[in-house]
Novice: 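Would you mind keeping the following structure in view while I ask a few things?
Numbered from 1 within each chain, the chains take letters A, B, ... in sequence-line order. Quick note: numbers below take in every heavy atom, side chains included, and nothing from hydrogens, waters or symmetry partners.
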Amino acid sequence: MNGKNLLLIYATLRSNFGFQNWWPAETNDEMAIGAILTQNTSWKNVEKAIKSLRESGLLSLKNLSKASIAKIRKSVRSSGFYKQKAERLKLFSSYIVLNYGSLEKFFKKSKRPREELLSIKGIGKETADSMLLYAGKMPYFIIDTYTVRVFSRVFGIKEGLAYDKLQEKVHNLLAGNVPLYQDFHAQIVELAKRFCKKKPLCTACPLAKFCAYKAKS
DNA sequence: AACCAGGAGAGAG
DNA sequence: CTCTCTCATGGT
């Protein structure tokens, strides 16, 4: 794995799938809310929850921070883990609103935004990096389960490689390119959904000719 | 009808 | 530090 073949992988994905235009959100608040709701959950189920939040006027951190847990729960039930997620939305929104007033001010003023997000209960590395990359426009490459699976198969790196180490590796190879980080992650998700499953579809995979992993037929 | 989805936290060893 | 368990709805 080096900068050159990493870019080749991206170029190949992009030419196959086209620009993905992630994250599908109208506002930064909506983006951050979606990041919490999609934890180990399919995006389709998240969309229903977001729609319900919008109809209840809860699709902003300010309103979420003022809403009751019971009301939030009703809107986010379709996204699964709804009790946890209602609490997480409440905690996160309250933290941002009380300490900074808005998400935009948080990104602008926080000295160590990633560490600060990680200190909030319910915000882990992937959720934090998603918010930083797509809402904050900051260069944090997201390492999700798909990224680990795709990179381990394509480049032969071990699946156990820790989040921060793999992220550091990518950061060193693709220095601070926000639009690239954004679309690359989206492309990886698209590839994983279509081809790089547990039962892989390598024969049809656009990365087959570069990939270290070969399916047993 | 088992399996998985754009994870995180807590506890055990 | 690395497993393992829990949280839970909805689509295939």
Novice: Counting only side-chain heavy atoms from C-beta out, which of dA8(C), dA5(B), dA8(B) sits nearest to K83(A)?
Specialist: dA8(C)
Novice: Could you give the NZ-to-C1' distance, from K197(A) to dC3(B), as a whole number of Å?
Specialist: 11 Å
Novice: Report yes if a side-chain nitrogen or oxygen of T127(A) is closer than 4.0 Å to either non-bridging phosphate oxygen (OP1 or OP2) of dA8(B); otherwise report no.
Specialist: yes
Novice: Measure from CD1 on I50(A) to C1' on dG6(B) and round the result to the nearest Å.
Specialist: 12 Å
Novice: Answer with base, sugar-phosphate or nothing: what part of the nucleic acid does I142(A) contact at a heavy-atom distance below 4.0 Å?
Specialist: nothing
Novice: Taking atom P in both dT2(C) and dG6(B), what distance in whole Å separates the two?
Specialist: 26 Å
Novice: Given dC7(C), dG6(B), dT9(C), identify the nucleotide with an atom nearest to the side chain of K193(A).
Specialist: dG6(B)
Novice: Enumerate the ring-ring contact (aromatic ring centres under 6.0 Å, His included) contacts for residues 48-76 of chain A, please, sequence neighbours excluded, ordered by first and then second residue.
Specialist: none
Novice: I want to verify a distance call: between dG9(B), dG6(B), dT9(C), whose nearest atom is closest to the S78(A) side chain?
Specialist: dT9(C)
Novice: Should K198(A) be listed as having a side-chain N or O under 4.0 Å from OP1 or OP2 of dC4(B)?
Specialist: yes
Novice: Just the rounded figure in Å: distance from C1' of dA8(B) to CG of L89(A).
Specialist: 14 Å
Novice: Determine whether the side chains of S94(A) and K66(A) contain a donor N or O and an acceptor N or O closer than 3.5 Å.
Specialist: no
Novice: Go through dG10(C), dA10(B), dG7(B) for me and flag the one nearest to the N45(A) side chain.
Specialist: dG10(C)
Novice: Is there ring stacking between W43(A) and dG6(B), where the centres must be under 5.5 angstrom apart and the planes under 30 degrees?
Specialist: yes
Novice: Using the P atom as the point on both nucleotides, what is the distance between dG10(C) and dA8(B), in whole Å?
Specialist: 22 Å
Novice: Would R73(A) and E87(A) pass as an ion pair if we require N to O under 4.0 Å?
Specialist: no
Novice: For R73(A) and dA8(C), what is the distance between atoms CZ and C1' respectively, to the nearest whole Å?
Specialist: 12 Å
Novice: Side chains of Y163(A) and E126(A) only: does a donor on one sit below 3.5 Å from an acceptor on the other?
Specialist: no
Novice: Name the closest nucleotide to the R149(A) side chain, picking from dG10(C), dA5(B), dG6(B).
Specialist: dA5(B)
Novice: C1' atom, dC3(B) versus dA8(C): distance in rounded Å?
Specialist: 14 Å
Novice: Just the rounded figure in Å: distance from C1' of dG11(C) to CD of E47(A).
Specialist: 13 Å
Novice: Select from K48(A) and Y82(A) the residue whose nearest nucleotide in DNA chain C is closer to the 5' end of that strand.
Specialist: Y82(A)
Novice: Closer than 4.0 Å, any side-chain N/O of K199(A) to the OP1 or OP2 of dT12(C)?
Specialist: no
Novice: Quick check for you: among dG6(B), dA10(B), dG7(B), whose closest atom lies nearest to any side-chain atom of K121(A)?
Specialist: dA10(B)
Novice: Counting only side-chain heavy atoms from C-beta out, which of dG9(B), dG6(B), dA5(B) sits nearest to N40(A)?
Specialist: dA5(B)
Novice: Among dG6(B), dA10(B), dC7(C), which is the nearest nucleotide to the side chain of Y146(A)?
Specialist: dG6(B)
Novice: So what does S130(A) hit on the nucleic acid, given a heavy-atom distance under 4.0 Å: a base, only sugar-phosphate, or nothing?
Specialist: nothing
Novice: Round to a whole Å and report the spacing from NZ of K85(A) to P of dA8(B).
Specialist: 11 Å
Novice: Between H171(A) and Y181(A), does the ring pair (Phe, Tyr, Trp, His ring centres under 6.0 Å) criterion hold? Intermediate values first, please.
Specialist: CA-CA 9 Å; H171(A) 285 177; Y181(A) 287 8; 5.6 Å; yes
Novice: Does dA8(C) have its OP1 or OP2 closer than 4.0 Å to a side-chain nitrogen or oxygen of T41(A)?
Specialist: no
Novice: Examine the side chains of Q167(A) and D129(A) and answer whether a donor and an acceptor come within less than 3.5 Å of each other.
Specialist: yes
Novice: Using whole Å, what does the distance between atom P of nucleotide dG7(B) and atom CG of L37(A) come to?
Specialist: 12 Å
Novice: Atom CG of L161(A) to atom P of dC1(C): distance rounded to whole Å?
Specialist: 13 Å
Novice: Would you mind telling me which of T127(A), L117(A), I33(A) makes a side-chain contact (heavy atoms from CB on, under 4.5 Å) with F92(A)?
Specialist: L117(A)
Novice: Of G160(A) and Q84(A), whose nearest nucleotide on DNA chain C comes first from the 5' end?
Specialist: G160(A)
